[in-house]
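Okay, structure first, notes after.
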Amino acid sequence: MRALLCTRLEGPEHLEVVERPDPVPGPGQALVRIRLAALNFFDTLIVAGRYQVKPPLPFSPGGEGVGVVEALGEGASGVAVGDRVIVHAGHGCCAERIAIDAAKLTPVPDGVPDEQAAGLTITYGTSLHALANRARLRPGEWMAVLGASGGVGLAAVELGRLMGARVIACASSEEKLAVARAHGAEATLVYDPATLKDALRQVSGGGVDVVYDAVGDAYAEPALRALGWRGRYLVIGFAAGAIPRLPLNLILLKELDVQGVHWGAFLDREPAAHQADQRRLLGWVAEGKLTAQVHGVYPLAEFPEAFGLLTRRAAVGKVLLRP
Ligand SMILES: NC(=O)c1ccc[n+]([C@@H]2O[C@H](COP(=O)([O-])OP(=O)(O)OC[C@H]3O[C@@H](n4cnc5c(N)ncnc54)[C@H](OP(=O)(O)O)[C@@H]3O)[C@@H](O)[C@H]2O)c1
């Protein structure tokens with residue numbers, strides 16, 4: 001099979017497309033032929049050795065995708081040969097085939113096309129977990145989303161709107177904000193750490209109820225300062241680079257909650273709750289309530305362009321690779 005391979009931890013430009021033997025499904029595993037792999041920001045980190053998970057070399061990147069079950073290992077259950085499934089693997093989807101625990105696969109309903117299913121799990125799964133299970137977002141609340149046109153950010157905009165919140169999308173350009181508005185943002189801000197706090201307070205009429213922060217760095221503290229009484233601050237990621245330090249006095253003064261979101265740990269610790277979230281998301285996509293926006297679909301050989309979209313901050317929605 002053809003696979004995109006990471007043989008040294010020197011970044012996306014050093015990946016190679018190579019021929020590899022097909023994997024063989026072990027006990028409890030399914031062999032899935034990948035139709036589309038979806039990239040996330042962490043794929044740019046994992047191939048540079050800068051992500052918390054460090055798979056042994058060589059490995060294929062690609063945390064998630066969609067494919068069809070081709071064979072089952074001994075004792076594998078829950079899916080059948082021929083089923084179209086969402087694969088959430090952590091890595092390994094940028095290859096024609098993957099062998100993976102059958103229990104980690106989610107069958108895809110007929111109404112959901114491959115393009116939408118491929119990149120649904122990580123971004124929408126993270127954002128639904130953050131908004132519903134952690135922040136307990138309520139209708140009518142103001143929510144600021146930092147990095148609102150990226151993968152998890154755009155999912156948060158759509159889900160926030162669907163849950164009845166008033167969403168303020170924050171991103172680096174008017175072009176990106178137009179996308180967030182089209183996905184349900186009520187207000188938009190081109191963000192600048194120097195003006196972010198006042199701008200968010202002004203738009204929300206005093207202070208926002210929830211901050212969804214996927215960028216960190218210099219944006220974090222002004223966003224924290226824009227929260228109102230008992231606001232919740234969701235720590236999602238640090239796409240802008242530095243991990244910020246937040247002054248605890250601000251948390252005391254307004255009885256704020258800073259809520260960590262570690263979706264990967266959540267799905268290992270609470271698999272039933274994760275499966276319920278997945279079914280909820282797939283139902284909403286089938287009903288046309290979520291778009292699962294796709295930036296573009298690229299053949300495996302065009303991986304430099306696909307990864308470059310993420311490292312250059314140019315992706316609007318999901319970047320997909322067709323192995
Ligand atoms: N906590 C969890 O469980 C969890 C789960 C999934 C992802 N994450 C994290 O969430 C973050 C976003 O992931 P994603 O897949 O949504 O990424 P993405 O699609 O690349 O979006 C990241 C956004 O961050 C903004 N950004 C600001 N400074 C940037 C920089 N220097 N380089 C790149 N982007 C920058 C960009 O928007 P602007 O240009 O508009 O600023 C971009 O749209 C990552 O840190 C990821 O590790 C966390």
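For ligands, and for the atoms within them, numbers begin at 1 and follow the listed sequence. Residues: numbered from 1 along the sequence shown.
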Exercise. Mind checking whether Ser173 has an N or O less than 3.5 Å away from an N or O of ligand 1?
Worked result: no
Exercise. Of the listed options (Thr44, Val261, Leu39), which comes nearest to atom 1 (N) of ligand 1 when hydrogens are ignored and any heavy atom counts?
Worked result: Val261
For this session: Return the set of residues passing ring pair (Phe, Tyr, Trp, His ring centres under 6.0 Å) with Tyr219 (not counting sequence neighbours), or none when no residue passes.
Result: Tyr191
For this session: Could you check whether the rings of Phe266 and His129 sit parallel, tilted or perpendicular, using 30° and 60° as the cut-offs?
Result: parallel
Exercise. What atoms in ligand 1 come closer than 4.0 Å to a heavy atom of Gly237?
Worked result: 9 (C), 10 (O), 45 (O)
Problem set entry | Salt bridge Glu141-Arg166, side-chain N to carboxylate O under 4.0 Å | no
Exercise. Salt bridge between Asp114 and Arg35, side-chain N to carboxylate O under 4.0 Å?
Worked result: yes
Nearest to [atom], what protein heavy atom do you find, and at what distance?
| atom | value |
| --- | --- |
| atom 31 (N) of ligand 1 | Ala239 O, 3.5 Å |
| atom 7 (C) of ligand 1 | Val152 CG1, 3.8 Å |
| atom 13 (O) of ligand 1 | Phe41 CB, 3.5 Å |

Exercise. Taking the non-hydrogen atoms of Ala214, is any one of them nearer than 4.0 angstrom to ligand 1?
Worked result: yes
Problem set entry | salt bridge (Lys or Arg N to Asp or Glu O under 4.0 Å) contacts in which one or both residues fall within residues 278-301, not counting sequence neighbours | Glu287-Lys289
